[in-house]
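Please read the structure below before turning to the comments.
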Amino acid sequence: MAASLAFMSEELDRMKREGLYGNIRTLESPQGATVKIGGKEYLNLCSNNYLGFANDPKICEKTKAMIDKYGVGPGAVRTIAGTMDIHLELEKRLAAFKGAEAAIVLQSGFCANLAVIPTLMVEGDLIFSDSLNHASIIDACRLTKAKVIRFEHSDMNDLRKKLEENASNPGKKMLITDGVFSMDGDIARLPEIVKICNEFGVMTAVDDAHGEGVLGKGGRGIVDHFNLHGKVDIEIGTMSKAFGVMGGMVAGSAVLVDFLRQKARTNLFSSALTVPDVAANMAALDMMEASDERVNKLWENGDYLKAELKSAGFDVGNSETPITPVIIGEAQAAKDFSAKLFENGVFATAIVFPTVPRGTARIRAMVSAAHSKADLDKGISIFVKVGKEMGVVK
Ligand SMILES: *Cc1c(COP(=O)(O)O)cnc(C)c1O
């Protein structure tokens, strides 16, 4: 390899030495309660497919029918090639689901953050950002010339202090927070955030990626969970998690959505979601609107897994949602733990730095509505077996 490219293999070697190199598994099956890897079946405890929609037969059927009518591709960006009526229909339905005036659909949750933050916030503005916010929020902040002020994770005193310190700054101000913090499962203190931000005249934005399909009535998200309809200025979301598909969204006032449609670079310079994505997301909405059975099952499963692992002696952190972190500590130990789970038939990936702080490497166990109690019991007994072998639990 050319000497000018050697930095890459050097960095990869370093990552391998420090246990930070990710081994990406190849699946030979859909995402479900179990997955097939290397011809063998594994209990799947790592997907964000909360409601089991990723391979739901009804969703697949409706998606195929939509392909017959519209084909697969959107042709170009919406502002040039026009937008299909199904994209507009999905946006209308998402707005209604979220209880917002309007919504815009983007290609992913990552793109939704890129659509909101650099479009609204410019040089001279201030962004107040929770220290545990998702990478897509951090990167979207990096794309603005606005100043980013981090506050301690969910620390309302620190938030207030930072708002006070900057109260006389004439720039626009935005607060942005994850709704559910994805690696720990705790929920943002949104009612207090809204109250404090109102005092200081600060726009509020929440990224509800792990809240849609999970929190609120029938999975209507964090704003519904706290009954804050109309009080949070910007709701960012994804359809890659509970919806089981792909796609991002932003919900809020009609003016916000119009502004993003006209100005967000991820809308102007990247093509629309594909037809199968739109169709599948619409079918997922049909399912959520028809019944909250899956959402309830998800919570039942999450509560059960957390309680059982905790009583077995694992450190499951302070999750308030079905997300179940099992904190191991050092990156290599978490990787070894994950490898042993795998040998025993459980697919649960280790999450290490930079996704979580150093020294808090973990297995993040993700249940879904698709898991049966027998699936969970199997998973729990293997966690305990491996935990004892590795001296993590007694
Ligand atoms: C997963 C996640 C995203 C990214 O969503 P994609 O649709 O997969 O791009 C953005 N924000 C948060 C908080 C997330 O958890």
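Values reported hereafter were calculated over all heavy atoms of this structure, with side chains retained and with hydrogens, waters and symmetry mates removed. Because the structure is a prediction, the values reported are computed rather than measured.
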Looking only at non-hydrogen atoms, find the nearest pair between [X] and [Y] and report the distance.
X: Ser154; Y: Ala188; result: OG-CA, 4.4 Å
X: Leu94; Y: Ala103; result: CB-CB, 4.3 Å
X: Lys231; Y: Thr204; result: O-OG1, 3.8 Å
X: Ser129; Y: Val148; result: CB-CG1, 4.1 Å
X: Leu256; Y: Asp233; result: CD2-O, 3.9 Å
X: Val214; Y: Val295; result: O-CG1, 3.6 Å

Determine yes or no for a side-chain-to-main-chain donor-acceptor pair under 3.5 angstrom, with [X] supplying the side chain and [Y] the backbone.
X: Asp155; Y: Phe151; value: no
X: Asn166; Y: Asn169; value: no
X: Ser338; Y: Ala348; value: yes
X: Thr119; Y: Ala115; value: yes
X: Ser270; Y: Asn267; value: no
X: His371; Y: Asn44; value: yes
X: Asn113; Y: Ala140; value: no
X: Asp315; Y: Ile327; value: no
X: Glu152; Y: Ser131; value: no
X: Lys306; Y: Thr321; value: yes

Q: Assert yes or no for the condition that the ring centre distance of His210 to Phe181 is strictly below 6.0 Å.
A: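 No, the ring centres sit 6.0 Å or more apart.
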Flag if over 12 foreign heavy atoms under 6.0 Å of [atom1], [X]:
X: Gln332; atom1: CD; result: yes
X: Glu293; atom1: CD; result: no
X: Lys172; atom1: NZ; result: yes

Are [X] and [Y] ion-paired here, with the side-chain N under 4.0 Å from a carboxylate O?
X: Arg14; Y: Glu10; value: no
X: Lys373; Y: Glu300; value: no
X: Asp68; Y: Lys64; value: no
X: Asp125; Y: Lys147; value: no
X: Arg17; Y: Asp13; value: no
X: Arg362; Y: Asp184; value: yes
X: Arg220; Y: Glu212; value: no
X: Lys98; Y: Asp208; value: yes
X: Lys58; Y: Glu61; value: no
X: Lys385; Y: Glu389; value: yes

Q: Please lay out, stage by stage, how Phe53 and Phe243 fare under the test ring-ring contact (aromatic ring centres under 6.0 Å, His included).
A: CA-CA 6 Å; Phe53 287 169; Phe243 281 67; 7.9 Å; no
Just verifying a value: how many Å separate [X] [atom1] and [Y] [atom2], rounded to the nearest 0.5 Å?
X: Arg93; Y: Leu285; atom1: CZ; atom2: CG; result: 5.0 Å
X: Arg160; Y: Glu165; atom1: CZ; atom2: CD; result: 13.0 Å
X: Met282; Y: Glu89; atom1: CE; atom2: CD; result: 4.0 Å
X: Ile59; Y: Asp286; atom1: CD1; atom2: CG; result: 8.5 Å
X: Leu90; Y: Ile104; atom1: CG; atom2: CD1; result: 11.5 Å
X: Asn48; Y: Ser182; atom1: CG; atom2: OG; result: 8.0 Å

Within the 4.5 Å heavy-atom criterion, are [X] and [Y] side-chain neighbours or not?
X: Ile234; Y: Met174; answer: yes
X: Asp224; Y: His229; answer: yes
X: Leu51; Y: Met287; answer: no
X: Tyr50; Y: Ser368; answer: no
X: Phe110; Y: Thr266; answer: no
X: Thr324; Y: Met366; answer: no
X: Thr349; Y: Phe347; answer: yes
X: Thr274; Y: Tyr70; answer: no

Q. Under the side-chain contact (heavy atoms from CB on, under 4.5 Å) criterion, do Ile196 and Leu163 qualify, and how do the steps go?
A. CA-CA 9 Å; Ile196 298 172; Leu163 289 171; 3.5 Å; yes
Co-membership, hydrophobic cluster, residues [X] and [Y], 4.5 Å side-chain:
X: Met239; Y: Val275; result: yes
X: Val352; Y: Met15; result: yes
X: Val367; Y: Met288; result: yes

Q. Taking ILVMFWY side chains as joined if any heavy atoms are under 4.5 angstrom apart, and letting links pass through other members, which residues group with Val122?
A.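 ILVMFWY cluster around Val122 holds nothing else.
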Q | Worked check of side-chain contact (heavy atoms from CB on, under 4.5 Å) between Asn133 and Asp207 | A | CA-CA 9 Å; Asn133 274 347; Asp207 180 343; over 6 Å; no
Q: State whether Tyr21 and Lys16 meet the cation-pi test: NZ (Lys) or CZ (Arg) under 6.0 Å from the six-membered ring centroid, and within 45° of the perpendicular axis.
A: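 Yes, Lys16 sits over the ring of Tyr21.
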Q | Pair listing, salt bridge (charged side-chain N to carboxylate O under 4.0 Å, His left out) test, anchored in residues 259-280, at least two apart | A |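 Pairs touching residues 259-280 that pass the test: Glu91-Arg261.
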Answer yes if the side chains of [X] and [Y] hold a donor-acceptor pair under 3.5 Å, and no otherwise.
X: Ser136; Y: Asp139; result: no
X: Gln31; Y: Asn55; result: no
X: Asp178; Y: His134; result: no

Q.
Pair Val255, Asp258 - check side-chain contact (heavy atoms from CB on, under 4.5 Å), show working.
A. CA-CA 5 Å; Val255 172; Asp258 199 22; 5.6 Å; no
Q: Classify the ring geometry between Phe383 and Phe337 as parallel (under 30°), tilted (30 to 60°) or perpendicular (over 60°).
A: tilted
Q: Applying side-chain contact (heavy atoms from CB on, under 4.5 Å), run through Ile127 and Ile149 and close with a yes or a no.
A: CA-CA 6 Å; Ile127 303 170; Ile149 298 168; over 6 Å; no
